[in-house]
Amino acid sequence: MNQEFLTSLTDRAKLLHKHIVFPEADCADILKCAENLLTQEIADVTLVGNPDLIKELAQSENINISGAMFFNNTSEDERETLVEPVLTATDMFSEKSIRRKAKNSLNAAMFLVLIGKADCCAAGRVLTTGEVIIAAQTIIGLQEGVGTVSSIGIVDAPGFNGPEGSMLAIGDCAINVLPDASTLADIALSSADTVSSLLNWEPRVAMLAFSTDGSSEDESLDVIREGISIARERCPELKIDGEFQLDTAINPTSASRKLSRPSDVAGQANILIFPNIHAGNIGVKLIQTFGHADVYGPVLQGFKKPICDFSRSAPISEMMGNILMLLVRAQ
């Protein structure tokens with residue numbers, strides 16, 4: 001991970017000092033992340049599960065989790081402490097369903113975020129992306145005005161010199177397969193919000209396609225153009241433009257040649273929105289393989305509270321990068 005980026009995130013997370021909950025506390029890698037947060041005094045930590053078993057695992061792996069808090073969802077009495085606060089926070093669940101759902105560590109963690117006992121939740125090291133998203137949608141819910149869960153990746157591409165240096169944001173490369181116009185608008189708006197809060201950039205969103213501003217015609221372009229219109233209607237102050245080919249979006253020379261009108265985005269985009277997950281996934285693999293770029297994330301977005309989904313194959317360093325981004329977003 002880009003050390004300057006990591007250091008900046010660490011400093012901001014320390015200053016904010018938020019509270020994170022981990023539902024996969026029976027995983028040694030999660031406990032190692034918790035140890036890093038606690039020993040560096042970056043955040044408060046709650047581990048969900050049987051405290052005796054968690055401490056036994058930590059001891060066997062020589063991991064120091066001193067200072068961690070615990071929520072023992074295997075205890076009926078502890079699960080009962082969730083009932084009244086959850087009922088106060090939402091009318092979505094009955095007392096019976098709260099007690100039942102809280103037996104699952106992921107649900108218990110989401111309940112803790114819902115009632116303000118934690119600021120954010122990091123999961124997905126053992127659990128699947130689908131499990132994390134379903135629990136977050138069911139318990140945390142979506143931000144007002146957002147109808148879509150999506151993801152964004154933060155790219156650090158050596159040799160690229162854009163408005164944010166070697167960095168830019170890309171989405172959605174992980175969740176929405178064939179987004180319609182409304183979904184594309186949601187992805188663009190959520191990505192702008194994430195970039196603004198996480199990186200302090202002024203968002204400039206380019207909607208990517210094989211065409212630049214009507215240079216080609218095909219019915220597949222209609223959804224992109226409509227998505228731009230919807231996003232502009234919902235957020236008139238956002239700098240969003242397209243449809244643009246990739247070079248038009250990020251290369252000022254190409255933009256000047258291919259676009260005959262003024263644009264606040266062309267040639268200087270810092271957020272790229274792919275038209276579908278096929279293009280997004282291929283794009284990520286291309287820049288990683290041939291451009292030797294680092295891509296941090298995916299960062300889940302659209303929920304009322306920040307939620308992190310790890311890659312199950314990610315190294316500890318990448319997990320820590322995702323956790324730091326999550327803690328900064330929890331501001």
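What you are looking at is a predicted structure, and each value in this text was computed from that prediction instead of being measured. The first residue of the sequence shown is numbered 1, and numbering continues consecutively from there. As a basis for the values below, the full set of heavy atoms in this structure was taken, side chains included, without hydrogen atoms, waters or symmetry mates.
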Quick one: do [X] and [Y] end up in the same hydrophobic cluster if we chain Ile, Leu, Val, Met, Phe, Trp and Tyr together by side-chain heavy atoms under 4.5 Å apart?
{"X": "Ile273", "Y": "Leu199", "value": "yes"}
{"X": "Ile63", "Y": "Met320", "value": "yes"}
{"X": "Val284", "Y": "Ile175", "value": "no"}
{"X": "Tyr296", "Y": "Leu198", "value": "yes"}
{"X": "Leu184", "Y": "Val299", "value": "yes"}

With heavy-atom distances below 4.5 Å as the criterion, would you say the side chains of [X] and [Y] are in contact?
{"X": "Leu82", "Y": "Leu112", "answer": "yes"}
{"X": "Phe160", "Y": "Val155", "answer": "no"}
{"X": "Val177", "Y": "His278", "answer": "yes"}
{"X": "Ile65", "Y": "Phe70", "answer": "yes"}
{"X": "Val149", "Y": "Leu142", "answer": "yes"}
{"X": "Phe5", "Y": "Ile154", "answer": "yes"}
{"X": "Asp213", "Y": "Lys258", "answer": "no"}
{"X": "Pro203", "Y": "Leu238", "answer": "yes"}

So which atom in [X] and which in [Y] form the shortest heavy-atom distance, rounded to 0.1 Å?
{"X": "Ser190", "Y": "Ser150", "value": "CB-OG, 4.1 Å"}
{"X": "Pro179", "Y": "Val223", "value": "O-CG2, 3.8 Å"}
{"X": "Ala109", "Y": "Cys121", "value": "CB-SG, 4.0 Å"}
{"X": "Gly242", "Y": "Ile228", "value": "C-CD1, 3.4 Å"}
{"X": "Asp156", "Y": "Pro158", "value": "O-CD, 3.4 Å"}
{"X": "Ile140", "Y": "Met110", "value": "CD1-O, 3.4 Å"}

More than 12 heavy atoms of other groups within 6.0 Å of [X] [atom1]:
{"X": "Met92", "atom1": "CE", "result": "no"}
{"X": "Glu144", "atom1": "CD", "result": "no"}
{"X": "Glu56", "atom1": "CD", "result": "no"}
{"X": "Glu76", "atom1": "CD", "result": "no"}

Going by an N to O cut-off under 4.0 Å, is there a salt bridge joining Asp186 and Arg234? yes
Is it true that Glu243 and Arg225 make a salt bridge, defined as a side-chain N closer than 4.0 Å to a carboxylate O? yes
Hey, could you give me each pair passing side-chain hydrogen bond (donor to acceptor under 3.5 Å, both in side chains) that has a residue in residues 59-72? Not counting sequence neighbours. Asn72-Thr74
Full working for side-chain contact (heavy atoms from CB on, under 4.5 Å) between Ile323 and Phe310: CA-CA 9 Å; Ile323 288 169; Phe310 299 120; 3.7 Å; yes
Salt bridge (charged side-chain N to carboxylate O under 4.0 Å, His left out) filter on Asp309, not counting sequence neighbours, yields none
Only one of Thr148, Asp193, Thr194 clears side chain to side chain donor-acceptor pair (under 3.5 Å) with Gln301; which? Thr194
Give the C-alpha distance, both sets of side-chain angles, the deciding distance and a yes or no for side chain to side chain donor-acceptor pair (under 3.5 Å) between Asp218 and Ser220. CA-CA 5 Å; Asp218 185 84; Ser220 64; 2.6 Å; yes
Flag for [Y]-[X]: side-chain donor and acceptor within less than 3.5 Å:
{"X": "Thr212", "Y": "Ser215", "value": "no"}
{"X": "Asp77", "Y": "Ser75", "value": "no"}
{"X": "Thr183", "Y": "Asn176", "value": "no"}

Distance check, rounded to the nearest 0.5 Å: [X] atom [atom1] versus [Y] atom [atom2]?
{"X": "Asn73", "Y": "Lys101", "atom1": "CG", "atom2": "NZ", "value": "14.0 Å"}
{"X": "Asp294", "Y": "Met167", "atom1": "CG", "atom2": "CE", "value": "9.0 Å"}
{"X": "Gln268", "Y": "Glu202", "atom1": "CD", "atom2": "CD", "value": "9.0 Å"}
{"X": "Leu300", "Y": "Thr129", "atom1": "CG", "atom2": "OG1", "value": "7.0 Å"}

Enumerate the ring-ring contact (aromatic ring centres under 6.0 Å, His included) contacts for residues 82-133, please, sequence neighbours excluded, ordered by first and then second residue. Phe93-Phe111
Please determine whether side-chain contact (heavy atoms from CB on, under 4.5 Å) holds for the pair Val205 and Val265, giving the CA-CA distance in whole Å, both sets of side-chain angles, and the decisive distance to 0.1 Å. CA-CA 7 Å; Val205 184; Val265 175; 5.9 Å; no
Show your working on side-chain contact (heavy atoms from CB on, under 4.5 Å) between Lys285 and Ile282 and close with a plain yes or no. CA-CA 5 Å; Lys285 299 299 190 292; Ile282 293 166; 5.9 Å; no
Among Thr7, Leu327, Asn200, which residue meets the side chain to side chain contact (heavy atoms under 4.5 Å, CB included) test with Arg12? Asn200
